[in-house]
Amino acid sequence: MERVVKSANKEAEQITEWGELHKIETCFDRAERLKPCPIGETGACCKVCHMGPCRLVGKNAEEEARGVCGATLPTVAARNMVRMIAAGTAAHSDHARDMVLTLLAVANGETKDFQIKDVRKLYRVAGYLNVEFEGRPVNDVARDIALKFLDDYGRQRGELCYIKRAPQKTQERWRKWGIAPRNIDREIAEAMHRTSIGVDHDPDHLLTHGLRTALADGWGGCMISTDITDILFGTPMPVKAEASFGIFKEDEVNLIVHGHEPTLAEIIVDVVSEPEMILYAKSKGAKGINLGGMCCTANEVLMRHGIPTAGGFTNQELGIMTGLVDALTVDVQCIMPAIAELSKKFHTKVITTSEKAKIPGALHIEYDEHRAREIAREIVKIACDNYQNRKTEGSHITDKFPVIAGFSHEYIEYMQGGRWRGSFRPLNDAIMAGRVRGVVALAGCDNPRVPSTGLHRYLATELMKNDVLIVSTGCGSAACGTAGYLTPEMALENAGPGLREVCEAIGIPPILHLGACVDNSRILTIATAMAAEGGLSDEIGGMPAVGIAPEWMSEKAIAIGCYFAASGVPVIFGGESPVGASNEVTRIMTEVWFERFRGALHFEPDPEKMLEMALDYIDKAREALKLKKYEPGKFGAERVLMDMAARREIEKAAKPHIGIY
Ligand code: SF4
Ligand code: MSK
């Protein structure tokens, strides 16, 4: 039988081949063996009560199939979708809640291991929340901010604080259709209530609440998490780093942080460079301590400290199989339980650190923000002790790729005009003139059900060629990073002529790594800034912009896709549609949502069609905005793009008025 290609990444593929040879099973083998249930896959199975599970199948299932209670297929598919949104929103927002509680602990002086690093960002957030900050002690401002955000989890009436950050027109659409969220926990709880047996049975009504829940994720949980993480650990600006399995060092202790929460990882970044820790590592025979990351905890420390990444979701088992990982700490989300069992075949210590997440077979050292440094030292020492247990076997890989990451929306604004004149004008102008055809958010997971990272690579390459600027997050960024796509040189080699010119003038890569999956909120902020800048759409909807998650697998991705759609961005997901069994639900999520919110959520397994659909959305938006028709290499008149020298001149002359940099 012909071998199935498991990953588009050469290095990952090499490890899977080594694994097959040594009879070591990975998610790729399990994905090959476990075919998805075709009924559940398309949203036609209901198991919300114990009269079921009911499978709504058959010739005219859409019209005729009924569950024991009488639920129709559109009801069942819509309910399944809403439950996915609720779960994804819960995940991001619970992570964000912990960030709020950390900020509160810092403000109250309850933890000595963290301080507020970015006071400018604190003031900017205070401004959004109408918290007085001038002349007040920083910790008092931080406390008020934390309390306001906590209120976003429990307020019974009114709207989330950050709803008003969206363009006015976008807000109006939300209010008109009743999807402006009240509080994060309430929308999640109501989603679970409405989808339980015998409550809401109207698919449109159900999905409308799904959008309200998703907005609580995007403009609530995700945006809160991004902002507090920036306040506590610094707003990212471009850093150089490396990606892929070659980041592991043969002669140093390799400690990898994996999951999503940045707090413990931040302290570990600090602790690994303490002289006594380095001495400790040396006493065990290693030359030093090498800290790396995986998935979104990696993205957090990559964005702020240039810590290298071993890649995204499907690389977690493969990392262990290099035989070089001495300890792998995991916090929450996207952690395969398989790593605990797999680690026994190697010497790797898997350490769970969240009070919310244990894996049988893993060592549990619970993170506590009041003893953060002490716990980080304990973990680093475990990794050092384990260095001596390293065996020689494993699929060692030496390839790694340079990466430029750290593009916060604040920095993107800065690089288009400098500290005092930062704006989105140059980007808007470049889009209007047709140099940049549009913007695509290439995000979401990598998935073993396709040659993993392959769809990200294909789409990134084709979009760049077509003069589309890419903003990426999460494992989409990891997929691009481990392919060597996150450097400015990539623009020279692969971008179309207009995009290349823009990238060279501003000094940016054609793919901007914006951070972890919670940092998709940065895309909402960028879209809002572009709308405010003028010349394109005056709301998020109608921009020549599309979201694509070609290899999504997590419920969090569904929540993200839906908050993009509700905000006005057409979104295309790969793979089979989880609501594909119902034409009515598919119609609501594409046509009806587009009519109401100018966004949509499509599922399209064919990557060429995904590309075609994205470019079509972009071109239609350009046409509706009466922008110059996109023609490669032919541009309309636009302002002169500001290069670094021009920016310095302005900075010399200008007085501060806006911007945080
Ligand atoms: Fe079946 Fe209705 Fe129960 Fe769902 S809620 S499992 S359709 S009886
Ligand atoms: S880690 S949600 S696999 S992006 Fe954020 Fe990656 Fe998807 Fe998890």
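Both counts, for ligands and for their atoms, begin at 1 and track the order of listing.
In this structure, T353 and T329 approach most closely via the heavy-atom pair CG2-CB, 4.2 Å. Closest approach of L291 and P308 over heavy atoms only: O-CD, 3.4 Å.
Put simply, no part of Q333 is less than 4.0 Å from ligand 2, judged by heavy atoms. Using a 4.0 angstrom heavy-atom cutoff, G444 counts as in contact with ligand 2.
Scanning all protein heavy atoms for the shortest distance to atom 8 (Fe) of ligand 2 gives C334 SG, 2.2 Å. Nearest non-hydrogen protein atom to atom 6 (Fe) of ligand 2 is C475 SG, 2.2 Å.
Environment of NZ in K59: sparse, with no more than 12 heavy atoms of neighbouring residues, nucleotides or ligands closer than 6.0 Å. The environment of NE2 in H364 is crowded: more than 12 heavy-atom neighbours from other residues, nucleotides or ligands sit within 6.0 Å. Atom CD of E341 sits in a sparse spot, with 12 or fewer heavy atoms from other residues, nucleotides or ligands closer than 6.0 Å. Within a 6.0 Å sphere centred on NZ of K356, other residues, nucleotides and ligands contribute more than 12 heavy atoms.
Atoms of the protein (N, O or S only) found under 2.8 Å from atom 4 (Fe) of ligand 1 are C46 SG.
When each atom of ligand 2 is checked for a heavy atom of M553 under 4.0 Å away, the hits are 3 (S). Taking every non-hydrogen atom of C517 and a distance limit under 4.0 Å, the qualifying atoms of ligand 2 come out as 2 (S), 5 (Fe). Taking every heavy atom of F313 and a limit of under 4.0 angstrom, the matching atoms of ligand 2 come to 3 (S). Using a 4.0 Å cut-off to heavy atoms of S554, the atoms of ligand 2 that qualify are 2 (S). If you number the atoms of ligand 2 from 1 as listed, the ones under 4.0 Å from a heavy atom of K556 come out as 2 (S), 8 (Fe).
Side-chain atoms of E551 never come within 3.5 Å of backbone atoms of V450 as a donor-acceptor pair (strictly under, hydrogens ignored).
Taking the charged nitrogens against the carboxylate oxygens, E317 and R30 do have a contact shorter than 4.0 Å, which makes a salt bridge.
Under 4.0 Å from ligand 2, heavy atoms of C445 appear from its side chain as well as its backbone.
With 2.8 Å as the limit, C296 counts as an N, O or S neighbour of atom 5 (Fe) of ligand 2. Taking backbone and side-chain atoms together, H260 has an N/O/S atom less than 2.8 Å away from atom 5 (Fe) of ligand 2.
You'll find the ring centres of Y617 and H602 inside the 6.0 Å limit. Ring to ring, W552 and F573 are close: their centroids are under 6.0 angstrom apart.
Looking at residues two or more places apart in sequence or on another chain, you find a side-chain contact (heavy atoms from CB on, under 4.5 Å) between T453 and S7, A8, N9, D446, R457, A479.
A side-chain hydrogen bond (donor to acceptor under 3.5 Å, both in side chains) with K556 is found for exactly one of H92, H260, H95, namely H260.
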